[in-house]
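Working notes, structure below.
Note that the structure is predicted; figures quoted are calculated from it, not measured. Lettering of chains follows the sequences in order, A, B, ..., and the numbering in each one begins at 1.
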Number of protein chains: 2
Amino acid sequence: MLEPVDKHSGIPAYLQIMNMIKKEIALGNMNFGDQLPPVRELKRVFGVNVNTIMKSLEKLQMEGIVEAQHGVGYFVKNSKIINPKVVDILEKSVEELKKMNMDLNTTILILEEVWKKVE
Amino acid sequence: MLEPVDKHSGIPAYLQIMNMIKKEIALGNMNFGDQLPPVRELKRVFGVNVNTIMKSLEKLQMEGIVEAQHGVGYFVKNSKIINPKVVDILEKSVEELKKMNMDLNTTILILEEVWKKVE
DNA sequence: AAATGTGTTATACTTTTATAGTACACTACT
DNA sequence: AGTAGTGTACTATAAAAGTATAACACATTT
């Protein structure tokens with residue numbers, strides 16, 4: 001689930017953290033009302049400084065995805081779980097793409113391009 | 001094709017530039033042996049400084065995707081064009097995903113997760 | 001030889017990202 | 001009241017990313 005940040009990816013740590021938390025919520029591993037691990041725990045899990053955690057959480061709060069309660073903790077505010085069918089669709093596509101020796105990065109690049117054009 | 005960098009995305013400019021060039025090559029819009037636009041032109045197109053362009057091109061060169069020729073230009077060295085079927089697969093998936101009101105960012109998050117698990 | 005177009009390098013500066021450490025404030029519980 | 005667990009705020013420091021500007025070096029054309 002929550003893994004240490006990749007410090008060599010070039011992507012800012014706070015963005016990676018935001019994305020991992022968003023992913024957990026989208027996949028239903030964290031649900032509305034759930035309490036997030038304490039900032040000191042998150043700091044340990046992600047392997048970054050408290051300030052970096054704070055920046056991620058503050059941004060997530062601005063996006064309305066989590067909510068802070070002083071002295072208590074952070075809570076999931078967003079209830080938008082994705083349709084399980086989404087995972088099915090992607091699994092089938094990924095199976096085919098892997099057979100064609102596609103790598104993840106290139107796939108994402110093409111996906112972004114296709115996304116602009118479709119519809 | 002080549003668009004100005006998004007300075008508010010949080011993704012470093014040199015990474016965005018690398019990705020756009022990789023995409024052009026993967027889609028077959030740039031082919032083996034083709035000359036890239038001059039650095040001063042790229043600077044104009046992407047809306048960044050020459051040094052940022054140089055950083056992107058040097059990294060692409062290290063990855064074996066382009067090659068520099070001093071005083072002449074940069075050339076595409078990589079010939080790996082993707083199978084057009086890849087675009088077909090993704091187009092169909094994107095159509096369905098858009099019907100379910102999925103957004104691009106969430107889709108990419110789930111895709112990364114699915115990529116790890118499949119096969 | 002000169003001019004032009006190309007890549008290359010250097011310097012100084014600003015902003016963003018991240019680390020580290022410390023202290024403070026609020027809540028829940030006994 | 002006290003204490004443990006939580007978030008919050010502040011300062012200082014450093015590293016990375018990007019900008020602005022200028023000069024330099026190589027290749028091609030005239």
I want to check something: taking the side chain as every heavy atom from C-beta on, are [X] and [Y] in contact at a cut-off of under 4.5 Å?
{"X": "A/Met100", "Y": "B/Ile89", "value": "yes"}
{"X": "A/Lys77", "Y": "A/Ile65", "value": "no"}
{"X": "A/Ile25", "Y": "A/Phe32", "value": "no"}
{"X": "A/Val39", "Y": "A/Met54", "value": "yes"}

### Task
Examine the base of C/dG7 for any acceptor or donor lying under 3.5 Å from a partner atom in the side chain of B/Arg40, and report the outcome as yes or no.
yes

For [range], pull every pair meeting side chain to side chain donor-acceptor pair (under 3.5 Å), keeping only residues two or more places apart or in separate chains.
{"range": "residues 56-68 of chain B", "answer": "B/Lys22-B/Glu63"}
{"range": "residues 31-50 of chain A", "answer": "A/Glu41-A/Arg44, A/Asn49-A/Asn51"}
{"range": "residues 86-100 of chain A", "answer": "A/Ser93-B/Ser93"}

### Task
For A/Lys80, check salt bridge (Lys or Arg N to Asp or Glu O under 4.0 Å) against everything at least two apart and list the hits.
none

### Task
Could I get the full list of salt bridge (Lys or Arg N to Asp or Glu O under 4.0 Å) partners for A/Glu113, not counting sequence neighbours?
A/Lys116, B/Lys23

With the criterion being N/O to N/O and under 3.5 Å, what pairs connect the protein with nucleotides 26-30 of chain C, and how long is each?
none

Expected list for residues 10-21 of chain B: side-chain donor-acceptor pairs under 3.5 angstrom, two or more places apart:
residue : atom : partner : partner atom : Å
B/Gln16 : OE1  : B/Asp6  : N            : 2.9
B/Gln16 : NE2  : B/Asp6  : O            : 2.9
B/Gln16 : NE2  : B/Ser9  : OG           : 3.1
B/Gln16 : NE2  : B/Ile11 : O            : 2.8
B/Asn19 : ND2  : B/Leu15 : O            : 3.4

### Message
At a heavy-atom distance below 4.0 Å, what parts of residues 43-62 of chain A sit against DNA chain D?
### Response
A/Asn51, A/Met54

### Query
In residues 9-23 of chain A, what residues come within less than 4.0 Å of DNA chain C, judged by heavy atoms?
A/Pro12, A/Ala13, A/Tyr14

#### Entry: Nonpolar side-chain network containing B/Val72, other nodes, edges under 4.5 Å
B/Phe75

### Message
List the residues meeting side chain to side chain contact (heavy atoms under 4.5 Å, CB included) with A/Asp103, not counting sequence neighbours, and say none if there are none.
### Response
A/Asn105, A/Thr106

### Task
Anything under 4.0 Å to a heavy atom of chain A counts; send over the first and last such nucleotide of DNA chain D, read 5' to 3'.
D/dG5 to D/dC10

